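Since this is a predicted model, take the numbers as computed values, not measurements. Heads up: numbering here begins at 1 and tracks the sequence.
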Amino acid sequence: MAELDQLETMFRQIVRDELMNALVARMDAQQISPRDERGRAPAVRDKRGFTVAEAALYLGISEWVLRCEVRENRLAARKRGTTLLFDRAELDRYFDSLPER
């Protein structure tokens, strides 16, 4: 049973890494550049807060589904003005809570 738990943990980490790589690739394709030490935003891998589009891509779901999950209180979001922001730890918690198939 411990081996199965270890395998599941490794699988979840691989999925997270692949999703992050896809997010970085998409941002590169859209020419969204990470910012540096001169006051510009941190790179995606170091990012804590995600917009709706970034969070949906990170989780592998549509923006519509993401907004529905927020509306149904299954996923927590913060608001800055009219912009929804998602914490990386909350996204990871939500992903880990999804049922396995």
Smallest separation among heavy atoms of [X] and [Y], with atom names:
X	Y	result
Arg93	Leu75	NH2-CA, 4.5 Å
Gly49	Glu54	O-OE1, 4.2 Å
Ala55	Leu66	CB-CD2, 3.8 Å
Ala76	Phe86	O-CD2, 3.6 Å

* Shared ILVMFWY cluster between Tyr58 and Trp64, side chains joined below 4.5 angstrom? ->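 Both belong to a single hydrophobic cluster.
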* Asked: Any side-chain heavy atom of Arg67 within less than 4.5 Å of one from Leu84?
  ->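 Arg67 reaches Leu84 side chain to side chain.
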* Asked: Any side-chain heavy atom of Phe50 within less than 4.5 Å of one from Leu85?
  ->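 A side-chain contact is absent here, since even the closest heavy-atom pair is not under 4.5 Å.
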* **Atom CD of Glu3 with >12 non-hydrogen neighbours under 6.0 angstrom** =>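 Not more than 12 within 6.0 Å, no.
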Quick one: [atom1] on [X] to [atom2] on [Y], what's the gap to the nearest 0.5 Å?
X	Y	atom1	atom2	answer
Arg80	Arg78	CZ	CZ	13.5 Å
Tyr94	Arg74	OH	CZ	7.0 Å
Ile61	Leu98	CD1	CG	8.0 Å

* Under 4.0 Å between a Lys/Arg side-chain N and an Asp/Glu carboxylate O for Arg48 and Asp87? ->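 Here Arg48 pairs with Asp87 in a salt bridge, since their nearest N and O are under 4.0 Å apart.
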* Ion pair check, Asp96 and Arg16, cut-off under 4.0 Å ->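 Judged by the 4.0 Å cut-off on N to carboxylate O distance, Asp96 and Arg16 do form a salt bridge.
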* To do: Might you work through the side-chain contact (heavy atoms from CB on, under 4.5 Å) test for Arg88 and Asp92, ending with a clear yes or no?
  => CA-CA 6 Å; Arg88 174 183 293 225; Asp92 289 340; 3.8 Å; yes
* Between Arg12 and Glu100, does a salt bridge (charged side-chain N to carboxylate O under 4.0 Å, His left out) hold up when you go through it step by step? -> CA-CA 11 Å; Arg12 287 182 184 277; Glu100 295 182 26; 3.1 Å; yes
